Student: 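One structure coming up, written as structure tokens, with questions to follow.
Every heavy atom of this structure was used, including side-chain atoms; hydrogens, water molecules and symmetry mates were not. We count ligands from 1, going down the list as the structure has it; atoms in each ligand are counted the same way. Model, not experiment: these values are computed from the prediction.
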Amino acid sequence: MLGNFCYSNPTRLHFGEDSMSSLKAELANYGKTVMLVYGGGSIKKNGIYDKVIEILTSCGKTIVEDAGVMPNPTVEKLYEGCKIARENNVDLILSVGGGSCCDYSKAVSVSAYCHEDPWEKYYIKFEDVSEDTKIIPVGCVLTMVGTGSEMNGGSVITNHESKLKVGHVFGDNVFPKFAILNPKFTYTLPKYQMVAGIFDIMSHIMEQYFSGSDDNTSDYIAEGLMRSLIHSSLVAVDNPEDYEARSNIMWTATWALNTLIAMGKSTDWMVHMIGHAIGVYTNATHGMTLSAVSLAYYRLICKYGIEKFKKFAVNVWNVDPENKSAEQIAEEGLCRMEEWMKEIGLVMNITELGVTEDMLDGIVESTEIKNGGYKTLTADEILKVLKDSMN
Ligand code: NZQ
Ligand code: ZN
């Protein structure tokens, strides 16, 4: 394991079909006023809203609702949430939904009492939360699986005016204090969202796996997570109510992005940077922005990290390496990934997401360039990835 690192994760997880029964005990740790954050109404249709209200009421909580958190939450919505949190002096923000609700809740938690403009401070200047800023604790009831937001400090906010979708990774003090993970809550997800989430998980693992050349335990864990995900995804696509598969996918999502597999590694994140830029132009579903560009990206950088791509092919996709060159093995691995992506029903090109030729230069400009992967991309290379992903 390279480098020096500190590992801790402060989020307490309650997992399983009975996990909601732990909410009461968690709520006892916080004051009377709970801000209930949710999205466009799925929790009202599937009954989760009623369950949460019943528990909050039985605990004697005052409920302040903040509904309508949209997928890819916006900065305008963030300002609105800050006002609600401040005016009601809330003691806990309870996010009931997917990554968008959870990310938004974390953003409100550090922004409600921030003395500066939170967009400028956290998302443009990437500053830490000031020591004298009150952070409102966040709890999470997860209903959509993919982002890992339930056990990390990530919070992605979209600013349509400045054409930027930016993630700030906050420290331990902003991670959700607790998360309730009931795999059955994900049964009502439309297939499109389920598979987008599955690819988001896969992408998080790949972003951390494709870097470095050392023998690293984090990579072995990553390979195990990918194998489990691929297996369970095929079962879940066939039968969305297969508890075993849905629970494995939920657990994999959390471990894919709760900082564990990044230990002792540099990380790539270029697929996400391109995906976020596509997101700000199209408002497309996050996981699909990743699936639509991944193959073009990995085929472009493959030669710079050929040994790892070989390992990926053999250890994750069971490619037989016998009598093949490294390039052939690597490409066979990517081909198997492509087959799997098509089989589970992912979006395979950006045209389908609403990207048109005239947007490409803007998307390139909006893409933040990172340098933790095998190749630091130039603007021309980002453009090539986009062009190769058009159909
Ligand atoms: O809004 P409602 O009506 O609840 O509907 C949602 C939404 O339309 C629906 N949904 C959620 N649970 C459901 C359900 N529908 C039926 N049954 C259920 N049980 O699903 C739709 C998508 O939800 P959303 O929360 O937007 O999806 P996701 O969890 O993928 O979150 C996406 C956001 O997270 C960010 C993304 O950029 C995007 O803004 N990310 C956050 C990360 C982090 N915190 O570390 C990392 C990720 O890479 C990602 O960038
Ligand atoms: Zn993601």
Student: Between the candidates H276, H286, Q193, which shows the shortest non-hydrogen contact distance to atom 21 (C) of ligand 1?
Tutor: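 Looking at heavy atoms only, Q193 sits closest to atom 21 (C) of ligand 1.
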Student: Any ion pair linking E338 and R299 (charged N to carboxylate O, less than 4.0 Å)?
Tutor: yes
Student: Is it true that E339 and R336 make a salt bridge, defined as a side-chain N closer than 4.0 Å to a carboxylate O?
Tutor: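 No, no charged N to carboxylate O under 4.0 Å.
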Student: Should one rank T188, T158, I201, N152 by closest heavy-atom distance to atom 16 (C) of ligand 1, which comes out on top?
Tutor: T188
Student: Under 3.5 Å between any N/O of T143 and any N/O of ligand 1: does that happen in this structure?
Tutor: yes
Student: Under 3.5 Å between some N or O of ligand 1 and some N or O of C101?
Tutor: no
Student: For atom 33 (C) of ligand 1, find the nearest protein heavy atom and state the residue, atom name and distance (0.1 Å precision).
Tutor: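 Checking every protein heavy atom, the shortest distance to atom 33 (C) of ligand 1 gives S100 OG, 3.4 Å.
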Student: Between L189, V280, V96, T147, which one has a non-hydrogen atom sitting closest to atom 42 (C) of ligand 1?
Tutor: T147
Student: Polar contacts were defined as any N/O atom of the residue lying under 3.5 Å from an N/O atom of the ligand; does this apply to G40 and ligand 1?
Tutor: yes
Student: Quick one: do the D215 and Y220 side chains pair a donor with an acceptor below 3.5 Å?
Tutor: yes
Student: Hey, is the main chain of T133 close enough, under 3.5 Å, to the side chain of S130 for a donor-acceptor pair?
Tutor: no
Student: Passes side chain to side chain contact (heavy atoms under 4.5 Å, CB included), L377 versus L300? Steps please.
Tutor: CA-CA 10 Å; L377 293 194; L300 181 86; 3.8 Å; yes
Student: With the threshold set at under 4.0 angstrom, would you say G146 reaches ligand 1 through any of its heavy atoms?
Tutor: no
Student: Evaluate the criterion salt bridge (charged side-chain N to carboxylate O under 4.0 Å, His left out) for residue pair D66 and K77; output intermediate values, then yes/no.
Tutor: CA-CA 10 Å; D66 181 7; K77 180 69 186 166; 2.9 Å; yes
Student: Counting both backbone and side chain atoms, is some N or O of G154 under 3.5 Å from an N or O of ligand 1?
Tutor: yes
Student: Starting from the Zn ion (ligand 2), look over the N/O/S atoms of D200 and name the nearest one.
Tutor: OD1
Student: Select the closest option to atom 23 (O) of ligand 1 among H204, K106, E207, M144, judged by heavy-atom distance.
Tutor: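 Checking each option, the heavy atom nearest atom 23 (O) of ligand 1 is found in M144.
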